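Everything on this sheet refers to the single structure shown next.
All of these numbers come straight from a predicted model, not from anything done at the bench. The sequence lines fix the lettering, A, B, ..., with proteins before strands; numbering per chain opens at 1.
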Number of protein chains: 2
Amino acid sequence: MSPKVSKEHLEQRRAKIVEAATQVFIEHGYERTTMKHVMDAADVSRGGLYQYFSNKEDLFEAILADRLLIDVAKTDQLLKEKVESYWDLLLSRIFGESKEPSDHMDPLAASNLEFFITGRNDQRRRNYAQERYSFALKLYANIIEAGQQSGEFSNKQSGEMIARSIITFIDGLALDHAILPKEDVKLKEQSSLLIEYLRLALEVKN
Amino acid sequence: MSPKVSKEHLEQRRAKIVEAATQVFIEHGYERTTMKHVMDAADVSRGGLYQYFSNKEDLFEAILADRLLIDVAKTDQLLKEKVESYWDLLLSRIFGESKEPSDHMDPLAASNLEFFITGRNDQRRRNYAQERYSFALKLYANIIEAGQQSGEFSNKQSGEMIARSIITFIDGLALDHAILPKEDVKLKEQSSLLIEYLRLALEVKN
DNA sequence: TATTATAACGACATTAATGTCGTTTTACAA
DNA sequence: TTGTAAAACGACATTAATGTCGTTATAATA
């Protein structure tokens with residue numbers, strides 16, 4: 001039963017497909033992307049592609065899973081490095097290492113929204129969405145609630161609700177970013193408003 | 001049922017199609033809806049349907065246009081009735097007549113997002129989206145800026161940016177509402193948070 | 001009542017994407 | 001080398017939706 005090709009080879013090929021597919025999804029979006037697009041981009045035949053992924057959904061979920069892993073690793077890193085202040089931790093979580101608002105948006109974000117919104121009538125897809133939401137929620141809520149425990153943040157507002165509102169706002173930004181010209185979204189400025197709001201709601205000194 | 005015209009019959013038939021199509025879009029979403037669905041729901045033949053709308057996009061845009069008209073009428077009504085305070089006006093604009101957060105969401109909202117997000121690579125669709133965004137922006141910004149002029153609102157923050165952030169947040173709510181269970185979106189509570197934020201940002205007395 | 005313009009119909013050709021399967025190729029073990 | 005398991009291939013059958021067009025039915029008109 002020994003395989004005819006090495007495990008590395010299989011993983012390399014899979015990785016190549018995933019990488020190519022990611023680019024395709026970024027370019028065409030989830031719905032418009034076809035397996036043919038991926039075949040061409042990854043330079044693989046139809047049969048070859050289906051050997052690794054049984055359909056577009058399977059492929060996209062693989063991409064999501066890969067990226068979630070990376071994200072989790074980064075978060076762990078974050079938690080190990082920064083404990084100076086929960087405020088800084090929160091900003092790092094929202095904006096990444098720089099802790100500063102920027103005009104950058106994950107290029108796959110739009111396809112992501114598309115994936116979940118067009119699949120909203122599918123129970124499986126809904127469950128998946130909720131899982132990811134809960135995960136993100138916990139991430140934010142944990143930081144905020146810890147900050148409230150420590151006295152760094154006010155607890156006038158429920159930490160969980162603030163966490164939810166952060167997610168809502170970021171989702172709104174991703175959505176608008178996907179559709180509208182940069183001049184309208186004003187990603188950076190709106191992110192600053194978000195910070196301003198959090199400062200007020202959590203009564204952060206600094 | 002009604003050959004060789006009579007303007008009323010034509011309009012009635014068109015209206016029937018639009019109404020049926022609206023229900024279909026609500027049920028299946030924009031992408032999954034097919035002309036066959038609409039034919040069945042409106043009890044009209046393929047040829048009959050295409051006599052009124054040349055494709056799904058055309059049909060959906062007709063629905064959007066119809067609804068925009070209604071919305072504009074309501075807004076005009078609002079402006080003529082309420083000028084007591086800009087704060088009330090703003091709340092009416094956001095939440096409707098009740099001026100109160102609720103758990104209700106336009107049932108077509110999800111298809112709407114879908115329409116724009118899946119069509120984001122089409123220039124025509126983008127232009128359309130931007131037009132509607134500008135329209136909504138102006139609506140909010142006008143109220144806020146008038147309130148700032150009158151001294152009712154603080155002008156520490158740019159009225160336009162606050163207007164943009166309102167839209168962003170509402171878009172985020174619509175998106176999350178489309179995908180997640182009610183228990184996670186907590187529409188009403190999050191809307192209350194939005195009010196709280198606006199109160200702070202605009203330094204509303206009351 | 002007869003005429004006629006055209007709304008409504010539905011069969012059909014077209015297009016496009018999907019997933020399968022029999023065949024070919026190839027990497028590895030023997 | 002050589003034999004072989006299975007990776008990779010690509011043709012193909014299938015499915016599904018689209019928009020068109022020739023035909024049919026009928027409301028308005030004279």
Side-chain angles (χ1 to χ4, degrees), chain A residues 1-21 23-25 27-63 111 114-115 118-119 121-122 124-125, chain B residues 1-21 23-25 27-63 111 114-115 118-119 121-122 124-125:
Chain A
M1 287 297 253
S2 50
K4 279 298 159 185
V5 298
S6 66
K7 197 148 197 176
E8 298 90 58
H9 176 80
L10 285 184
E11 274 168 13
Q12 269 179 24
R13 203 162 167 82
R14 196 197 111 108
K16 189 183 173 191
I17 293 175
V18 165
E19 205 174 326
Q23 289 312 311
V24 173
F25 282 124
E27 184 177 347
H28 298 290
Y30 181 74
E31 283 294 321
R32 304 273 173 271
T33 289
T34 70
M35 292 302 250
K36 182 72 165 54
H37 286 142
V38 178
M39 285 158 54
D40 292 345
D43 200 30
V44 69
S45 71
R46 182 159 219 93
L49 176 54
Y50 275 87
Q51 193 114 27
Y52 289 86
F53 302 99
S54 59
N55 51 42
K56 188 169 69 167
E57 182 174 28
D58 189 28
L59 177 51
F60 195 77
E61 286 182 12
I63 292 174
S111 298
E114 229 186 298
F115 177 74
T118 60
N121 287 338
D122 177 49
R124 177 184 152 64
R125 195 79 61 94
Chain B
M1 285 250 226
S2 49
K4 187 149 185 187
V5 278
S6 142
K7 203 150 196 178
E8 298 87 55
H9 274 201
L10 284 184
E11 274 168 15
Q12 269 180 25
R13 203 163 166 81
R14 196 197 111 109
K16 189 183 173 190
I17 293 175
V18 165
E19 205 173 326
Q23 289 313 310
V24 173
F25 281 125
E27 184 177 347
H28 298 291
Y30 181 75
E31 283 294 320
R32 304 273 172 271
T33 289
T34 71
M35 291 303 248
K36 183 73 165 56
H37 287 141
V38 177
M39 286 158 53
D40 293 344
D43 200 31
V44 70
S45 70
R46 183 159 219 95
L49 177 53
Y50 275 86
Q51 194 114 24
Y52 290 86
F53 302 98
S54 59
N55 52 43
K56 187 169 70 167
E57 182 174 28
D58 188 26
L59 177 52
F60 194 77
E61 286 181 11
I63 293 175
S111 298
E114 230 186 298
F115 177 74
T118 59
N121 287 337
D122 177 48
R124 176 182 152 66
R125 196 78 62 94

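Regarding contacts with the backbone of C/dA16, every side-chain N or O of A/H37 stays at 4.0 angstrom or more from both OP1 and OP2. Between B/Q51 and C/dA7 there is a side-chain N or O to OP1 or OP2 distance below 4.0 Å.
Applying the side chain to side chain contact (heavy atoms under 4.5 Å, CB included) criterion to A/E31, with sequence neighbours excluded, gives A/E114, A/T118, B/E31, B/R32, B/T118.
When rounded to the nearest whole Å, the span between NZ of B/K36 and P of D/dT15 equals 17 Å. For the pair B/L59 CG and D/dT18 P, the interatomic distance rounds to 11 Å; values are reported in whole Å. Regarding B/E8, its CD atom lies at a distance of 13 Å from the C1' atom of D/dA27, rounded to whole Å. As a whole-Å value, the separation of A/E57 CD from C/dT18 C1' is 14 Å. One interatomic measurement links the two molecules: CD of B/Q12 to C1' of D/dA27, which rounds to 14 Å at whole-angstrom precision. Going from atom NZ of A/K7 over to atom P of C/dC28 covers 15 Å, rounded to whole Å. Atom NE2 in B/H9 sits about 13 Å away from atom P in C/dA7, given to the nearest Å. Look at CD on B/E11: it is 13 Å from P on C/dA7, rounded to the nearest Å.
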- [ ] Using the side-chain contact (heavy atoms from CB on, under 4.5 Å) rule, take A/V18 and A/F53 through it: C-alpha gap first, then chi angles, then the decisive distance, then the call.
- [x] CA-CA 10 Å; A/V18 165; A/F53 302 99; 3.7 Å; yes
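The side chain of A/N55 sits closest to C/dG19 out of C/dG19, D/dC9, C/dC9. In the set D/dA7, C/dA8, D/dT18, the nucleotide with an atom closest to the side chain of B/Y50 is D/dT18. Of all nucleotides listed (C/dA17, D/dA7, C/dC9), D/dA7 comes nearest to the side chain of A/L10.
Take the nearest nucleotide of DNA chain C for B/Y52 and for A/R46: the residue whose nucleotide is more 5' is B/Y52.
Of the possible donor and acceptor atoms, none in the side chain of A/R46 sits under 3.5 Å from a partner among the backbone N and O of A/M39. A donor-acceptor contact shorter than 3.5 Å is absent between the side chain of B/D58 and the backbone of B/Y50.
Taking the side chain as every heavy atom from C-beta outward, B/E57 and B/R124 approach each other to under 4.5 Å.
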